[in-house]
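Just so it is clear, the values below take in all heavy atoms, side chains as well, and ignore hydrogens, waters and symmetry mates.
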Amino acid sequence: MTDHELSSNDPGQLDPGLFDVPRMPRWFIEPGEGEHPRLPWSPTMLRPYAEGMQGYRASARETFMRLISEPPEGLRGEGLERLVAFDFNIGAEHRETKTSESFLAWETNHPKELAAIRANSELKWLLGEGLTGHGTPGGLLKLLLNAPSLESLDLQVLSMPYSYRLQHMKAMQEQMFGALEELGADVYEAPEHIEGHPARISPDPSRQIGVLEPGKGVLVTIKQSIAHIPELAKPGAETEAKLGSGITVAVRQSWLIRTSVASGFSQEYAKAIWEQPYRGHRFEDLPEELAEYVLGRLDLDTAAVLLSVMTYAYRPDLKL
């Protein structure tokens, strides 16, 4: 059992005002600043491996790797750097691969939908913004609504190693909910569980490289839906996909649960978790008692550190 249901410790809609924001290192400059600046929570580029995107991707990764190597004062000395770097790299790789493959499949298999978007000046411009990672939630959702065979799009990605850059989350949320209101979305009163996507607890990968000392943390990933948008009804218009059940807008949170003595985590449980067998990035069968204890740390004390928040939209009818 590697995935587990959340109970009373569901973090729900995050309130940035409840967090302590670590002070940024003086050298840090946002990767997206420049002649055509990106927002701090810019979405995954639709063609992340295109030749013109390599420079930005390499520069951004270098900046975040340096940031990860410098934990804030309260987290120094716990050996968390490898785990935080692992979460950042795996997350970026998954988003870029998934986005690239999904968009390329849509471009290739549904040329009529692509042609219709290019024939509309507004949609053509929004597509161009999405290709370079400059898209906004409102613009990307308009693209998705007008591409009925496209499975999903990332809308916002805010990477926050050790909760650095957390100060951007409020503006990020305001932008997202503003776009949903403008599009007439059905916004849920509270985040809802996504069937088939319970909380995932991932191990410290250190054992894979021969580290024998127990790790100082585990990762928890949570996915929840926040809104629903009906498909556009176009009477008389030809579409390549049947009018489905609509688009789900969801949030993915990545947390680091500290397991050090200083964090107050049970050292008996920390040792037991370290010894659990795992395959790849997942435990093979994490006992429910250990899982419940880990998820019970998902509150706003010093044991739980928010690492990233991402919003994305997808069509459940098309998602495998």
Side-chain angles (χ1 to χ4, degrees), residues 1-22 68 71-88 90-91 158-166 169 190-194 197-207 211 213-224 251-278 281-310:
M1 183 181 298
T2 56
D3 295 332
H4 306 269
E5 300 295 336
L6 286 171
S7 56
S8 59
N9 296 297
D10 185 338
Q13 179 61 41
L14 297 174
D15 181 355
L18 298 178
F19 291 83
D20 291 326
V21 182
I68 289 169
E73 185 174 353
L75 298 178
R76 292 173 192 164
E78 294 197 7
L80 298 173
E81 293 89 336
R82 186 183 294 113
L83 188 55
V84 176
F86 170 79
D87 177 73
F88 176 83
I90 289 295
L158 181 59
S159 296
M160 298 177 286
Y162 313 113
S163 293
Y164 283 136
R165 305 175 79 233
L166 185 68
M169 192 164 67
E192 296 186 358
H193 166 71
I194 300 177
H197 290 278
R200 174 177 296 179
I201 302 172
S202 301
D204 185 323
S206 300
R207 280 190 299 173
V211 176
E213 181 184 356
K216 300 299 191 295
V218 293
L219 299 171
V220 176
T221 303
I222 300 168
K223 295 181 180 181
Q224 297 170 306
V251 174
R252 178 191 183 276
Q253 303 166 12
S254 180
W255 293 81
L256 166 65
I257 305 298
R258 297 166 59 209
T259 60
S260 63
V261 173
S263 73
F265 198 96
S266 163
Q267 294 308 288
E268 180 182 352
Y269 281 165
K271 184 175 185 295
I273 289 170
W274 176 258
E275 294 173 348
Q276 292 300 311
Y278 65 91
H281 311 315
R282 305 182 70 175
F283 287 110
E284 290 185 355
D285 189 16
L286 186 64
E288 197 64 30
E289 179 183 357
L290 296 180
E292 288 179 359
Y293 182 80
V294 170
L295 297 179
R297 309 291 286 177
L298 269 177
D299 50 31
L300 299 180
D301 65 11
T302 56
V305 181
L306 187 60
L307 298 180
S308 68
V309 174
M310 165 187 169

Undergrad: Side chain to side chain contact (heavy atoms under 4.5 Å, CB included) for Arg258 and Leu75? Distances and angles first, verdict last.
TA: CA-CA 9 Å; Arg258 297 166 59 209; Leu75 298 178; 3.5 Å; yes

Undergrad: At what distance, to the nearest 0.5 angstrom, does OG of Ser202 lie from CG of Leu256?
TA: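 Answer for the OG-CG pair, Ser202 versus Leu256, is 11.5 Å.
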
Undergrad: Search all heavy atoms of Tyr164 against all heavy atoms of Pro71 and return the closest pair with its distance.
TA: OH-C, 3.5 Å

Undergrad: Supply the atom-to-atom distance Lys216 NZ to Ser263 OG, rounded to the nearest 0.5 angstrom.
TA: 10.5 Å

Undergrad: Excluding sequence neighbours, so at least two apart, what forms salt bridge (Lys or Arg N to Asp or Glu O under 4.0 Å) with Arg165?
TA: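 Arg165: salt bridge (Lys or Arg N to Asp or Glu O under 4.0 Å) contacts with Glu30.
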
Undergrad: Indicate yes or no: at least one non-hydrogen side-chain atom of Arg252 is less than 4.5 angstrom from one of Thr221.
TA: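 Sidechains of Thr221 and Arg252: in contact.
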
Undergrad: Begin with the C-alpha distance, continue with both residues' side-chain angles, and end with the deciding distance and a verdict on side chain to side chain contact (heavy atoms under 4.5 Å, CB included) for Phe88 and Ile68.
TA: CA-CA 9 Å; Phe88 176 83; Ile68 289 169; 3.9 Å; yes

Undergrad: Backbone N or O of Phe265 within a donor-acceptor pair of the Gln267 side chain at under 3.5 Å?
TA: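 Pair found, side chain donor or acceptor close to backbone of Phe265.
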
Undergrad: Between Gln253 (side chain) and Leu307 (backbone), is there a donor-acceptor pair under 3.5 Å?
TA: no

Undergrad: Can you give me the closest heavy-atom contact between Ser163 and Pro22, atom names plus distance?
TA: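 Minimum heavy-atom contact is O-CD, 3.3 Å.
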
Undergrad: Working to the nearest 0.5 angstrom, can you tell me the gap between Glu78 CD and Tyr162 OH?
TA: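 Output value for this atom pair is 10.5 Å.
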
Undergrad: Which heavy atom of Pro161 sits nearest a heavy atom of Val84, and at what distance?
TA: CB-CG1, 4.0 Å

Undergrad: Please step through side chain to side chain contact (heavy atoms under 4.5 Å, CB included) for the pair Met160 and Val309, ending with a clear verdict.
TA: CA-CA 8 Å; Met160 298 177 286; Val309 174; 3.7 Å; yes

Undergrad: Hey, could you give me the CG/CD distance between Leu290 and Glu275, rounded to the nearest 0.5 Å?
TA: 10.5 Å

Undergrad: Kindly give the heavy-atom pair with the smallest separation between Ser159 and Ser308, and that separation in Å.
TA: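 Smallest heavy-atom distance, with atoms named: CA-CB, 4.3 Å.
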
Undergrad: Starting at OG1 of Thr259, measure out to CZ of Arg297 and round the result to the nearest 0.5 Å.
TA: 9.5 Å

Undergrad: Ile201 and side chain to side chain contact (heavy atoms under 4.5 Å, CB included): which partner among Leu219, Ile257, Leu295?
TA: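 Of all the options given, the one that passes is Leu295.
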
Undergrad: Without swapping roles, check the side chain of Ser266 against the backbone of Tyr269 for a donor-acceptor pair under 3.5 Å.
TA: yes

Undergrad: Going by distance alone, is a donor N or O of one side chain under 3.5 Å from an acceptor N or O of the other, for Trp274 and Gln276?
TA: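 Trp274 vs Gln276: no donor-acceptor pair found between side chains.
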
Undergrad: Which heavy atom in Ser254 sits nearest to a heavy atom in Asp87, and how many Å separate them?
TA: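 Heavy atoms of Ser254 and Asp87 come nearest at OG-OD1, 2.8 Å.
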
Undergrad: For a 4.5 angstrom cut-off between non-hydrogen side-chain atoms, does Ile222 reach Trp255?
TA: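 Result yes, sub-4.5 Å side-chain heavy-atom pair found.
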
Undergrad: Could I get the full list of side chain to side chain donor-acceptor pair (under 3.5 Å) partners for Glu268, not counting sequence neighbours?
TA: none

